[in-house]
Amino acid sequence: MSNEENAQQVSGESVGSQLRRAREQRGLTVSDVANAQHLRLAVIQAIENGEYQQIDSELFLKGYVRAYAKQVGLDADAIVATLDRELEPFRQQKAEALEANPLVDIERRKRQKRQAARALMVLLVLAVMGALAFTFLGDDSGGREEAATSGQGTDDGVALGANVAPEEVVAPETDSDAAPTEVMQAEPDAASEGNQALGAEPEPGEPLNDAAPLAEVVDDEDALDESRIPTVISSTDPALTEESRTGDLPGTGRLEVSFSNDCWVEITDATGVRLASGLRRDGDVIDVSGQVPLRVVIGAVDAVDAIRFQGESVELSDYQVVNNRAQFSLEI
């Protein structure tokens with residue numbers, strides 16, 4: 001019965017009381033815990049007194065409490081679960097304060113406007129690309145249809161000329177008596193060449209029955225008609241337009257972080273998207289990418305094994321570290 005009562009009494013205690021009692025049982029002082037956790041005395045005192053609002057964020061608070069519980073030999077998961085229940089009233093108060101603040105509503109509207117503008121820009125780019133592609137493909141298909149139509153007309157003319165008399169093709173509407181003479185006078189060279197090709201000299205007044213001169217006449221007419229065939233010229237304007245648009249987009253940076261101990265980290269890109277957030281343990285690796293600048297918050301600097309940005313090592317000693325915590329931005 002006494003063990004059950006002690007368990008109920010312990011479970012009913014606050015997180016700060018449990019940590020203080022475990023610390024005193026181990027003979028540790030507040031300074032000992034603060035030095036071991038690389039924290040200020042005020043942070044440890046605030047945790048033991050339940051003044052959680054003095055901690056920067058809930059994420060850091062849970063990390064501090066978990067490390068404190070491990071140091072004094074308590075179950076870290078159970079302590080954090082109890083802490084989560086204790087933080088519920090603080091969350092409600094914070095939410096009410098945010099709702100009552102007019103700046104929050106203004107910021108929310110700005111965020112919605114930015115999202116709508118971004119979506120509109122994407123739709124506009126897609127519409128321009130579709131219009132350029134339609135114009136380019138339409139011109140190409142029109143030129144091919146005209147070329148095919150012209151070629152088909154030439155073939156029909158050759159086929160027609162092979163089955164009709166020469167006088168019917170050259171002068172179909174003239175009188176029957178004058179037609180042969182006009183054809184002979186109009187095309188003496190063509191008839192002569194056709195007869196020479198057959199090995200015979202043309203006789204005066206002899207009708208032209210050979211189809212070779214007609215084929216040459218048709219070929220000459222087709223040579224004149226080729227000037228009306230349009231020339232299709234390919235254009236690279238859509239590709240250049242797309243390249244110029246995508247070139248205006250902001251750059252993207254890649255960040256890699258490896259850890260050698262428990263650490264609390266938060267990484268946010270330039271658009272406000274949270275790329276990584278939470279507690280990382282020994283051996284964990286973060287590999288994220290986002291629009292620069294990347295804003296990085298590290299809760300325990302000595303727990304970071306290595307940081308690489310864009311493939312190059314980042315020295316944390318180049319940035320200000322306060323109470324083993326660093327907050328900085330990375331740009332390309």
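- Side chains of Val65 and Lys62 form no contact here, defined as non-hydrogen atoms less than 4.5 Å apart.
- Counting heavy atoms from C-beta on, the side chains of Gln45 and Glu48 never come closer than 4.5 Å.
- Considering all non-hydrogen atoms of both residues, Ala276 and Arg280 come closest at CB-NH2, 4.0 Å.
- Val304 is listed as a side-chain neighbour of Phe259, based on a closest heavy-atom distance under 4.5 Å.
- A distance-only check finds no donor-acceptor pair linking the side chain of Asn324 to the backbone of Ala300 [under 3.5 Å].
- Criterion: ILVMFWY side-chain heavy atoms under 4.5 Å apart, direct or through other members. Under it, Leu294 and Val301 are part of a common hydrophobic cluster.
- Across Glu331 and Pro293, no two heavy atoms sit closer than the pair CG-CB, 3.3 Å.
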How far apart are the C-alpha atoms of Leu132 and Val128, what are their side-chain angles, what is the distance that settles it, and do they pass the side-chain contact (heavy atoms from CB on, under 4.5 Å) test?
CA-CA 6 Å; Leu132 293 175; Val128 172; 4.0 Å; yes

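- Ion pairing of Arg91 with Asp84 is present here, as a side-chain N (NZ or NE/NH1/NH2) and a carboxylate O approach within less than 4.0 Å.
- Under a cut-off of 6.0 angstrom, the local environment of CZ in Arg254 is sparse, with at most 12 non-hydrogen atoms contributed by other residues, nucleotides or ligands.
- For Gln18 (side chain) and Glu13 (main-chain N/O), a donor-acceptor pair under 3.5 Å exists by modelled atom type.
- Checking each of Val314, Val257, Val296 against Phe309 for a side chain to side chain contact (heavy atoms under 4.5 Å, CB included) leaves exactly one that passes, namely Val314.
- Taken together through direct or relayed side-chain contacts under 4.5 Å among Ile, Leu, Val, Met, Phe, Trp and Tyr, Ile286 and Leu330 form part of one hydrophobic cluster.
- Looking at Glu107 and Arg114, a side-chain N of the basic residue comes within less than 4.0 Å of a carboxylate O on the acidic one, giving a salt bridge.
- Side-chain atoms of Arg66 never come within 3.5 Å of backbone atoms of Ala76 as a donor-acceptor pair (strictly under, hydrogens ignored).
- With Arg308 contributing its side chain and Glu256 its backbone, the two residues share no donor-acceptor pair below 3.5 Å.
- Of all heavy-atom pairs spanning Ala303 and Asp262, the tightest one is CB-O, 3.3 Å.
- With rounding to the nearest 0.5 Å, the separation of CG in Leu61 from CZ in Phe90 is 9.5 Å.
- Two residues are said to be in side-chain contact when any heavy atoms from C-beta on lie closer than 4.5 Å; Arg21 and Val72 fail this criterion.
- In terms of heavy atoms, Ala46 sits closest to Gln54 at CB-OE1, 3.7 Å.
- At a cut-off of 3.5 Å, with distance as the only test, no side-chain donor of Asp302 or Asn261 sits close to an acceptor on the other residue.
- Atom CD of Glu312 is surrounded by 12 or fewer heavy atoms from other residues, nucleotides or ligands within 6.0 Å.
- In this structure, Val285 is not a member of the same hydrophobic cluster as Ile307, with clusters built from ILVMFWY side-chain heavy atoms closer than 4.5 Å.
- Closest non-hydrogen pair, Gln310 versus Gly253, comes out as OE1-CA, 3.2 Å.
- No donor-acceptor pair under 3.5 Å is formed between the side chain of Asn323 and the backbone N or O of Arg325.
- Val292 is not connected to Val297 by any chain of hydrophobic side-chain contacts under 4.5 Å among Ile, Leu, Val, Met, Phe, Trp and Tyr, and they are in different clusters.
- Looking at residues two or more places apart in sequence or on another chain, you find a ring pair (Phe, Tyr, Trp, His ring centres under 6.0 Å) between Tyr64 and Trp264.
- Tyr319 and Val265 fall within the same hydrophobic cluster, defined by Ile, Leu, Val, Met, Phe, Trp and Tyr side-chain heavy atoms under 4.5 Å apart, directly or through other members.
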Evaluate Asp318 against Phe328 for side-chain contact (heavy atoms from CB on, under 4.5 Å), listing each step before the verdict.
CA-CA 10 Å; Asp318 296 339; Phe328 53 90; over 6 Å; no

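- Closest non-hydrogen pair, Pro89 versus Arg85, comes out as CD-O, 3.9 Å.
- Between the CG atom in Leu41 and the OG1 atom in Thr29 there is a gap of 8.5 Å [rounded to 0.5 Å].
- Annotation: the span from Ile267 atom CD1 to Leu255 atom CG amounts to 4.5 Å, rounded to 0.5 Å.
- With Gln71 contributing its side chain and Ala36 its backbone, the two residues share no donor-acceptor pair below 3.5 Å.
- Atom NZ in Lys70 sits 13.0 Å away from atom CD1 in Ile79 (nearest 0.5 Å).
- Interatomic distance, CZ of Arg109 versus CD of Gln112, reported as 8.5 Å (0.5 Å rounding).
- Shown here is Glu88, whose CD atom has more than 12 heavy atoms of other residues, nucleotides or ligands within 6.0 Å.
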Starting from the C-alpha separation in whole Å, work towards a yes-or-no answer on side-chain contact (heavy atoms from CB on, under 4.5 Å) for Arg20 and Asn49.
CA-CA 9 Å; Arg20 182 187 299 108; Asn49 296 332; 3.3 Å; yes

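- Using a 4.5 Å heavy-atom threshold, the side chains of Ile44 and Arg23 count as separate.
- From Ile298, atom CD1 reaches atom CD of Glu266 across 11.5 Å, with rounding to the nearest 0.5 Å.
- Between Tyr68 and the choices Val15, Leu39, Val33, the side chain to side chain contact (heavy atoms under 4.5 Å, CB included) rule is met once, by Val33.
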